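Both backbone and side-chain heavy atoms feed into the values below; hydrogens, waters and symmetry mates do not. Source: prediction; values computed, not measured. Residues: numbered from 1 along the sequence shown.
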Amino acid sequence: MAITIIMAVMVMAAYFLLLYGVVGFVQDKRFFGSAPKENLAAIPDKKEERFHGAHIVGWIIIAIALLLFVGALVLGVWDGVKNNFGFLNFFGRFIAVLYVMEIYDIFFFDWYLLCRSGFFPHFYPELKGVVGPHMFGYNKKQHFIHFLVYIPACAVIAWICTLL
């Protein structure tokens, strides 16, 4: 159970770092596919860096985030193999981590960062007045699909892990 909690924390940290690296430093709209359409329309195409080396800093943060994602997966698989996990143990671990990540996405990213804090307007002043509490739930269909897709995805990953 402790490893599963550590994995979930690693994934949440990685998810935030990924957002921070993209929004705060790389600032390329190609990465904003999940953003509300109103936000995308208000954000100008930025070609210049916020400061010299900002893109490099952003890509380093993104690389750290990706390493955290991979590290969480490796840790979970390694611990499960070491402790002779069966299919249900692996499945439960991975589904728990992904569901925690999705709930984190809903409440921290969508409810807090998008709707309540000044996170996005800090990096994109054009979003002042565009983002706000009215945006909460704009992607509820996408979240619902994620909750459904995670089930077979975790089943496949758990099955593969039991073969190790």
Would [X] end up clustered with [Y] when hydrophobic side chains under 4.5 Å apart are linked, directly or stepwise?
{"X": "Val70", "Y": "Leu18", "answer": "no"}
{"X": "Phe69", "Y": "Leu67", "answer": "no"}
{"X": "Phe94", "Y": "Val74", "answer": "no"}

Nearest-0.5 Å distance, [atom1] of residue [X] to [atom2] of residue [Y]:
{"X": "His122", "Y": "Ser117", "atom1": "NE2", "atom2": "OG", "value": "10.5 Å"}
{"X": "Asn83", "Y": "Asn89", "atom1": "CG", "atom2": "CG", "value": "9.5 Å"}
{"X": "Phe136", "Y": "Phe107", "atom1": "CZ", "atom2": "CZ", "value": "5.5 Å"}
{"X": "Leu73", "Y": "Cys161", "atom1": "CG", "atom2": "SG", "value": "7.0 Å"}
{"X": "Asp105", "Y": "Tyr99", "atom1": "CG", "atom2": "OH", "value": "14.5 Å"}
{"X": "Thr4", "Y": "Asp79", "atom1": "OG1", "atom2": "CG", "value": "7.5 Å"}

I want to know whether [X] and [Y] have ring centres closer than 6.0 Å.
{"X": "Phe120", "Y": "Tyr124", "result": "no"}
{"X": "Phe119", "Y": "Tyr112", "result": "no"}
{"X": "Tyr15", "Y": "Phe109", "result": "yes"}

Do other residues, nucleotides or ligands put more than 12 heavy atoms under 6.0 Å from His52 NE2? no
Correct closest heavy-atom pair for His55 and Val26 would be NE2-O, 3.3 Å
Is the shortest side-chain heavy-atom distance between [X] and [Y] below 4.5 Å?
{"X": "Trp111", "Y": "Ile106", "result": "no"}
{"X": "Phe16", "Y": "Tyr104", "result": "yes"}
{"X": "Ile62", "Y": "Leu17", "result": "no"}
{"X": "Leu114", "Y": "Tyr138", "result": "yes"}
{"X": "Leu164", "Y": "Val77", "result": "yes"}

Worked check of side chain to side chain contact (heavy atoms under 4.5 Å, CB included) between Leu68 and Val11
CA-CA 7 Å; Leu68 271 172; Val11 165; over 6 Å; no
Contacts satisfying side-chain hydrogen bond (donor to acceptor under 3.5 Å, both in side chains) that involve residues 155-164 (not counting sequence neighbours) are none
Contacts table for residues 142-157: side-chain donor-acceptor under 3.5 angstrom, sequence neighbours left out:
residue : atom : partner : partner atom : Å
His143  : ND1  : Glu102  : OE2          : 2.4
His143  : NE2  : Asp110  : OD2          : 2.7
His143  : NE2  : Asn139  : OD1          : 3.3
His143  : NE2  : Asn139  : ND2          : 3.2
His146  : ND1  : Glu102  : OE1          : 3.2
His146  : ND1  : Glu102  : OE2          : 3.0
Tyr150  : OH   : Glu102  : OE1          : 2.9

For residues 125-133, tabulate all N or O donor-acceptor pairs below 3.5 Å that involve a side-chain atom, not counting sequence neighbours.
none

Test side chain to side chain contact (heavy atoms under 4.5 Å, CB included) applied to Phe91 and Phe85, step by step: CA-CA 10 Å; Phe91 178 81; Phe85 273 24; over 6 Å; no
